[in-house]
**Q** 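For reference, the structure I am asking about is given below.
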Amino acid sequence: MAHNTITTSDEQAHADGHPHVMPLSVLLPTFAALIALTVITVSASKLSIGAAEIWVAMGIATIKATLVALYFMHLRYDKPFNALLILFSLVFAAIFVGMALVDSQAYQPEISAYDLQQPK
Amino acid sequence: MILAEGGGSDNGSFWFPAPSSSNASQVDSLFNFILSLSAFFFVLIVGLMLIFVVRYRRRPGYVQAPASDHNNTLEILWSVIPGILTIFIFFRGFMGYLDMRTPPSETYEIKVNAKKWSWAFQYPNGYIDNDLHIPFNRPVKLTMTSEDVIHSLFIPAFRTKMDIVPGRYTSMWFDATRTGEFPLLCAEYCGTKHSEMLANVVVHPSGEFEKWLEQASNLLATLPPVEAGKILFTRRGCAQCHTIDGSARTGPSFKGTFGTKQSLTDGSSIEMDENYIRESILEPLKKVRAGYRPVMPSYKGQLKDPEIDAIIEFIKSLK
Amino acid sequence: MSVAYDEPEVGELLAPVPSENYLNCSHGFWSWAATVDHKRISIMYLVSVLSAFLLGGILALMIRMELWTPGRTIMDHDTYNHTFTLHGAVMTFLFIIPSIPAALGNFLLPVMIGAKDVAFPRMNLGSYYLWLGGALFLLAAIVLGGLDTGWTFYTPYSTTTNSSVITASMGVFILGFSSIFTGLNFIVTMHTMRPPWMTWFKLPLFLWAIYATSIIQVLATPVLGITLMLLIAERALGIGIFDPKLGGDPVLFQHFFWFYSHPAVYIMILPAMGVISELIAVFSRKPIFGYRFIAYSSLAIALLGFLVWGHHMFTSGQSRISAIVFSALTFTVSIPSAIKVFNWLATMYRGSILLVTPMCYALSFIFLFTIGGLTGLFLGALAVDVHLHDTYFVVAHFHYVMMGGTLVAFLGGLFYWWPKMTGRMYSETWGRIGCLGVFVAFNLTFFPQFIMGSRGMPRRYYNYPPQFQFYHQMSTVGSFLLGLSLCVVAGVLIHSLLRGRKAPANPWGAATLEWQTSSPPPLYNFDTDPVEVDPYDLESQVFDPLLGGYRLREFPARNHPDHDLASEPARV
Amino acid sequence: MTHTPVHPAPAAQPDQHGHAEEHHHSPFLAHHFESSEQQFDSGKLGMWLFLVTEIMFFSGLFCAYAVYRSSHPEIFIYAHKFLDTNLGAINTVVLLVSSLTMALAVRAAQMSQRKALIINLILTLICAGGFLGIKYVEYSHKWHAGLLWAGQFHPDFSHLEGAHQEHGEPASAESSHGHTESSHDTTDPSAPRNAGIFFSIYFCLTGLHGIHILAGMGAIIWILVRSIRGDFSADYYGPVDFVGLYWHLVDLVWIYLFPLLYLIH
Ligand code: HEA
Ligand code: HEA
Ligand code: CUA
Ligand SMILES: [Cu+2]
């Protein structure tokens, strides 16, 4: 990982000092896919698919997010360390949200029992 | 397990007040176990450190012997041994926790209402006291809620504590193994008088609890109103803010104020009569005395009408 | 002082030193206020965090004075509540979190990797000014009605009290960003500014510790930021996310707060452990034992530290299942800590131990941190924590780790790098006396708190039952002795600034790069190319009486940085 | 152990005092870097780390969302009706377009096409402005309908015509003044208890996102000024790239916000 001016053997983009330029043939289809996915997610929400709905919506959003990250943000052609960073942050955000969610679900009955006692 | 009656004043050990609930000894023994383990490691570490400092001190004529700079066996050893020990500690802590958080099926239930800065314990017959009276050697379960901020009910002698959170119920249980009086404290910071949000746990010897409850709940029947009012006045926490000797505390004193005119924060004035007292108890923030902060909690639903009457009689009597 | 056996006194500089360095290369107010030199920024941080420490310490003495008797001693309820809150907030946010990374780390990181500066020098200056801004907000909060929520800001108390929570939260929010930028800067610097030969495993362990710390700063601190924003919104607008009156959940606030604040305790201790790793190795004159284990254990602590925040909430109304999971995870953090302690001991084994001031602090650290860490085990054990939570046992625990650990390591590091930073030596005798005083007084102050805590003395208590008075008085006496000892410490350092002998480039014989340049270093850190070194190859350094310090064995004195300009007449 | 003196790379670096002027590199190379490449890599890594902090920052709000959505689904089902899916979808598309133009801007900078760079930056700015305009329409609609955060949640549709009238019962605008303690004291009897929590979360999430858009616009304007000045080329385009990354992240957040807030059933 030691990266300095005498560049490491990184086979990544900048080793030769030239930027990795995104060809239009990648950018435009990515964009088209993003628009299409937006249309899909809106129409999917109009079908009544119940509890699965949020997972479908989140799944589509994640595909979109991945497209943006990989192509618009060049992550695919970047140093893998940067991708690792993002994964890391997602993992820790998930730990945070996950544990707080699990806990609050588990003690929810104590709150609803109280709410039931209160005048509406 | 040894059940002791009448030992509430015991000073306990170096680290603890005397254990007085069924779960206390479990906590103490785990504490002592961790303590001895810690003492062992502490002596080991500091002992070695001192020995090394003395033996390998840089001094004239001392020649440093060669030593290696890594040893994987050692590394594994001093990761795995503490690892196993911590698993053991965790496990005992976890078992003890389950015991202290899982009430037995038959419990005597008391409701707790905490507010800044007083306790109200409501017994199954509806009677409310601001000390916690419980029977000896019988599991008691508290169902608790708070009116304002978070408080925490802590009984050191029982080695137990639970936060009381507004907007929900929390609960705890214990089984007293000693009779006598024990301090009960608020352990979650709750503002100005957090450190004075105290009460007593009174563990009544077998059979006497019911008698106490009977008598306490029938104050009004057994005592003249003025005296019942006086008892209510202290028990229900009025005395925390109001004196009867003329000196002002958080709230005004009641000495000789009945029937007088008092000015309010909105500039008007009012006569201190039965109605105003009743209103002050039920809706204290409606009319606030000039010179005082609007901090008195409402007792709506917590004091019954006859009780309020008794308090009024008591205030009347303060000449 | 008595290091001498067959060597002349350390610091007895026979050769003249280079006369231009980062301190005297430019003058005037703006040459400091607008500097982007990491060394000057670190000096500004040093002065600032020590002032914060002084403020926090004075507040602590007020706490102790008040607790001399039950009931009123010198102040009323509310004043007391403001005092301990501000003591906690100032000590954590203004002092201990920036202390080692921003003051020492900032100075050392670039020098230790042979770079000219950190990757983003202007951001570095910016984060100092953010610190200053945050400090001003906190001070403003003191003036504008104080703060009485406890440093933990628990709702709904913090949304209902009439002290200036919003101002204080803004302050802490800003301080958070200061901390984030420092961490971000350090990570980038370590990735991109090292010379090619300096692989990760040739980094001094201090830098590993700083790296691990920075990871926590970057990942955890933003959550503090959003927590405080929500708190401000809750107070100002009533968004109801944490307020039960509007359907919110106060326990959720605690999850938010501790998701940051538990990792934050490792922001405090990891750099301290890094300092100790350096001190133990250098003053045992041995390569550090188990380099890789110490390095990896820093990362392990940083990452595992994210999984245990719920141990502050065992009695909070958190569900049982989470309490159990958090308790189990809590113990995992003790393993890497144990690894470090044992490796330090193994480093001392068969060493050649020199009991100079920094080493005295390092030994105090091992003593005090072991107590602090081991008492963490009591708190991590569920059943026991239910009893000990929110008592003085916890107060004692965290003072042992924060003050006995981090502050002592900070002082050790300060004495160790002092010659490098200021170019001056200090009085060894008084330095040690100060250390001894701190050590003894510290134990007198905080050990009794374990006992009273476990006997049922709750924390944040203005008033207390009389049976605790004896312990409280011991603690109060201790705290004043502690204040006195710290004044001695400060006196030693100030005396050194005014009267101290000139320091050689390498007074301790350490092999890390910062000692291979002159003391104090020149503006761009190295006048000659930094030499490739193994940070723990202490054999490579030999004492050179001409220099009054050490130099590389295979490196003739005339090539030594101290000697480089020595042939020219010194322009002092 | 060897102690060979090592030259800081690149080897042919005569200058040991590091004064920037003595470097014969791009005029934008800061004094403490050895090469433009080191500078670029540092900036890029720094930017990614900054994005990491942004993700963690937003995670707090996503946490609040997750907790309340799973404990009070009824609030979300009731309240999302007041959000206009069409406006949300249009805004999604607007932001996606802006992301594309931003990506094109980076591309233009990398290829030293100054004019394309400027045009794309301007397009991005226009989209950002459009996004905020639409947001403004949505906010003011909610403001007038009293659909605010929990402490100020007093839905009152009496003086509103148009799209959403059918959702709420026509209100008896009696308690539209003042601030009542509990949020279920509304003029909409069909509102579940504490329905205001949804709007609290809605305003926090979209508000924070909006602030990011504003900050991004500031950054884009800065880049735009510099591109007009002609600073960027294939040799030096770091700032464009970094601002681009930030902008894409803002877009990414919206990609999640849109279904979470607008598409609930
Ligand atoms: C520098 C700061 C720091 C550090 C390093 C630690 C380290 C640890 N802390 Fe501490 N802690 C705080 C600062 C810190 N803490 C603060 C500020 C609070 C209170 C906040 C507030 O409420 O205001 C707190 C509170 C706190 C609590 C909550 C108490 C309560 O409120 O009820 C708990 C509970 O688990 C805990 C546990 C631990 C543990 C297990 C460690 C471990 O990391 C310790 C690991 C170290 C060792 C174990 C010692 C070394 C190892 C050996 C000597 C080998 C032998 C080891 C074994 C046999 C395992 N701490
Ligand atoms: C880094 C963290 C840190 C440090 C160092 C200290 C230091 C001290 N703390 Fe404190 N403390 C906290 C962090 C810290 N504390 C926190 C987080 C809380 C919880 C707050 C809350 O509940 O919300 C707390 C709470 C707390 C309490 C509990 C209050 C209560 O619950 O009611 C007490 C009581 O004794 C106390 C005492 C002390 C004392 C006597 C010192 C002494 O050690 C201080 C000694 C220092 C001095 C006297 C200053 C002298 C300085 C100089 C002379 C200049 C120095 C210059 C150089 C050395 C160069 N602290
Ligand atoms: Cu109630 Cu503290
Ligand atoms: Cu913790």
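Keep in mind that the numbers below use all heavy atoms, side chains included, and drop hydrogens, waters and symmetry copies. Here is the naming used below: chain letters follow the sequence lines, and residue numbers restart at 1 for every chain. None of these values were measured; they are calculated from a predicted model.
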**Q** Should the heavy atoms of other residues, nucleotides or ligands under 6.0 Å from CZ of C:Arg72 be counted, would the total exceed 12?
**A** yes

**Q** Counting only heavy atoms closer than 4.5 Å, note whether C:Gln254 contacts chain B via side chain, backbone, both or neither.
**A** side chain

**Q** Are B:Phe14 and C:Ile451 side-chain neighbours, meaning at least one heavy-atom pair lies under 4.5 Å?
**A** yes

**Q** B:Met162 versus chain C, heavy atoms under 4.5 Å apart: side chain, backbone, both or neither?
**A** both

**Q** Let me confirm one number: the CG-CG distance from B:Asp99 to C:Leu382, rounded to the nearest 0.5 Å.
**A** 12.0 Å

**Q** With only heavy atoms counted, which part of B:Phe94 is less than 4.5 Å from chain C, the side chain, the backbone, both or neither?
**A** both

**Q** Please assess C:Phe289 against B:Glu75 for the test side-chain contact (heavy atoms from CB on, under 4.5 Å), listing each intermediate value before the final yes or no.
**A** CA-CA 10 Å; C:Phe289 191 88; B:Glu75 301 284 354; 3.8 Å; yes

**Q** Given that the side chain runs from C-beta out, which part of B:Ser79 has a heavy atom under 4.5 Å from chain C: side chain, backbone, both or neither?
**A** both

**Q** Step through it carefully: locate the ring centre of C:Tyr461, locate the ring centre of B:His194, and say whether they are under 6.0 Å apart.
**A** yes

**Q** Go through C:Lys286 and B:Asp69 one step at a time and tell me if the side-chain contact (heavy atoms from CB on, under 4.5 Å) criterion holds.
**A** CA-CA 8 Å; C:Lys286 257 186 67 187; B:Asp69 64 1; over 6 Å; no

**Q** Let me know if C:Ile324 has heavy atoms under 4.5 Å from chain B in its side chain, its backbone, both or neither.
**A** both

**Q** Could you work out, with salt bridge (charged side-chain N to carboxylate O under 4.0 Å, His left out) as the rule, every residue matching B:Asp148, not counting sequence neighbours?
**A** none

**Q** May I ask you to decide if the ring planes of B:Trp78 and C:Phe342 are parallel, tilted or perpendicular, using 30° and 60° as cut-offs?
**A** parallel

**Q** Answer with side chain, backbone, both or neither: which region of C:Tyr80 has an atom nearer than 4.5 Å to a non-hydrogen atom of chain B?
**A** neither

**Q** Using non-hydrogen atoms only, which part of B:Ser171 is less than 4.5 Å away from chain C: side chain, backbone, both, or neither?
**A** neither

**Q** Under 4.5 Å heavy-atom distance to chain C, tell me which part of B:Leu198 shows up: side chain, backbone, both or neither.
**A** side chain

**Q** Does the ring centre of C:Phe314 sit less than 6.0 Å away from the ring centre of B:Tyr97?
**A** no

**Q** Any chance you could measure C:Ser454, atom OG, to B:Asp28, atom CG, to the nearest 0.5 Å?
**A** 8.0 Å

**Q** Given heavy-atom pairs under 4.5 angstrom as the criterion, report whether the side chain, backbone, both or neither of B:Pro66 touches chain C.
**A** backbone

**Q** For the candidates B:Ile89, B:Leu74, B:Val46, B:Leu185, which exhibits the highest count of non-hydrogen atom pairs separated by less than 4.5 Å from chain C?
**A** B:Leu185

**Q** Show the nearest heavy-atom pair for residues B:Thr86 and C:Ser334, with the distance to one decimal.
**A** CG2-OG, 4.1 Å

**Q** About how many Å separate CG of B:Leu48 and CG of C:Leu345, when rounded to the nearest 0.5 Å?
**A** 6.0 Å

**Q** Could you tell me which portion of B:Phe154 (side chain, backbone, both or neither) has an atom closer than 4.5 angstrom to a non-hydrogen atom of chain C?
**A** side chain

**Q** About how many Å separate CD1 of C:Ile294 and NE2 of B:His70, when rounded to the nearest 0.5 Å?
**A** 13.5 Å

**Q** Measure C:Val384 against the heavy atoms of chain B and call it side chain, backbone, both or neither at under 4.5 Å.
**A** both

**Q** Do the rings of C:Phe447 and B:Trp15 sit parallel, tilted or perpendicular, given the 30° and 60° boundaries?
**A** perpendicular

**Q** So what's closer than 4.5 Å to chain B heavy atoms on C:Leu363: side chain, backbone, both or neither?
**A** both

**Q** Backbone N or O of C:Thr315 within a donor-acceptor pair of the B:Lys161 side chain at under 3.5 Å?
**A** no

**Q** Tell me, side chain or backbone of C:Leu388 under 4.5 Å from chain B's heavy atoms, or both, or neither?
**A** both

**Q** Under 4.5 Å heavy-atom distance to chain B, tell me which part of C:Arg459 shows up: side chain, backbone, both or neither.
**A** backbone

**Q** Counting only non-hydrogen atoms closer than 4.5 Å, does B:Val165 touch chain C with its backbone (N, CA, C, O), its side chain (CB onward), both, or neither?
**A** side chain

**Q** Give a yes or no on whether B:Phe91 atom CZ has more than 12 heavy-atom contacts from other residues, nucleotides or ligands under 6.0 Å away.
**A** no

**Q** Given that the side chain runs from C-beta out, which part of C:Thr155 has a heavy atom under 4.5 Å from chain B: side chain, backbone, both or neither?
**A** backbone

**Q** Against chain B, label C:Tyr154 side chain, backbone, both or neither, depending on which of its atoms sit under 4.5 Å from a heavy atom there.
**A** side chain

**Q** Is it the side chain or the backbone of C:Asn343 that comes within 4.5 Å of chain B heavy atoms, both, or neither?
**A** both

**Q** Within the 4.5 Å heavy-atom criterion, are C:Met313 and B:Asp163 side-chain neighbours or not?
**A** no

**Q** Does any N or O in the side chain of B:Tyr189 come within less than 3.5 Å of the main-chain N or O of C:Asp148, such that one atom is a donor and the other an acceptor?
**A** yes

**Q** Does the side chain of B:Ile45 reach to within under 4.5 Å of the side chain of C:Val341, using non-hydrogen atoms?
**A** yes

**Q** Taking the side chain as C-beta and beyond, is there a heavy-atom pair between B:Thr192 and C:Tyr462 under 4.5 Å?
**A** no

**Q** Is chain B contacted by the side chain of C:Ser316, its backbone, both, or neither, given a heavy-atom distance below 4.5 Å?
**A** both

**Q** List the steps, then state whether side-chain contact (heavy atoms from CB on, under 4.5 Å) holds for B:Phe42 with C:Leu374.
**A** CA-CA 8 Å; B:Phe42 177 72; C:Leu374 288 170; 4.3 Å; yes

**Q** Contact between C:Val386 and B:Arg159 at the side-chain level, heavy atoms closer than 4.5 Å - yes or no?
**A** no

**Q** Which answer fits C:Thr332, side chain, backbone, both or neither, if we ask what part of it has an atom under 4.5 Å from a heavy atom of chain B?
**A** neither

**Q** Please look at B:Glu188 and chain C and tell me whether the side chain, the backbone, both or neither of the residue comes under 4.5 angstrom of a heavy atom of that chain.
**A** both

**Q** State, to 0.1 Å, how close C:Gly351 and B:Tyr56 come at their nearest heavy-atom pair, and which atoms those are.
**A** O-CB, 3.2 Å

**Q** In terms of heavy-atom pairs under 4.5 Å with chain C, which of B:Phe90, B:Phe33, B:Phe158 leads?
**A** B:Phe90

**Q** Do C:Pro250 and B:Ile150 touch side chain to side chain, with heavy atoms closer than 4.5 Å?
**A** yes

**Q** How many angstroms lie between atom CZ of B:Arg59 and atom CG of C:Leu355, to the nearest 0.5 angstrom?
**A** 11.5 Å

**Q** Tell me, for C:Pro156 versus chain B, whether the close heavy atoms (under 4.5 Å) come from the side chain, the backbone, both or neither.
**A** both

**Q** Could you walk me through whether B:Glu196 and C:His77 pass the side-chain contact (heavy atoms from CB on, under 4.5 Å) test, one step at a time?
**A** CA-CA 10 Å; B:Glu196 276 141 50; C:His77 292 86; 2.7 Å; yes

**Q** Are the ring centres of C:His387 and B:Phe31 closer than 6.0 Å?
**A** no

**Q** Is chain C contacted by the side chain of B:Arg55, its backbone, both, or neither, given a heavy-atom distance below 4.5 Å?
**A** neither

**Q** Hey, what do you get for CG (C:Asn81) to SG (B:Cys190), rounding to the nearest 0.5 Å?
**A** 9.0 Å

**Q** Counting distance only, does the side-chain N/O of B:Arg58 pair as donor-acceptor with the main-chain N or O of C:Ser352 below 3.5 Å?
**A** yes

**Q** Could you tell me whether the side chain of C:Arg350 and the main chain of B:Gln64 form a donor-acceptor pair under 3.5 Å?
**A** no

**Q** Where is the tightest heavy-atom contact between C:Ala381 and B:Ile34, given as atom of each residue plus distance?
**A** CB-CD1, 3.9 Å

**Q** Does any heavy atom of chain B fall under 4.5 Å from the side chain of C:Thr161, the backbone, both, or neither of them?
**A** neither

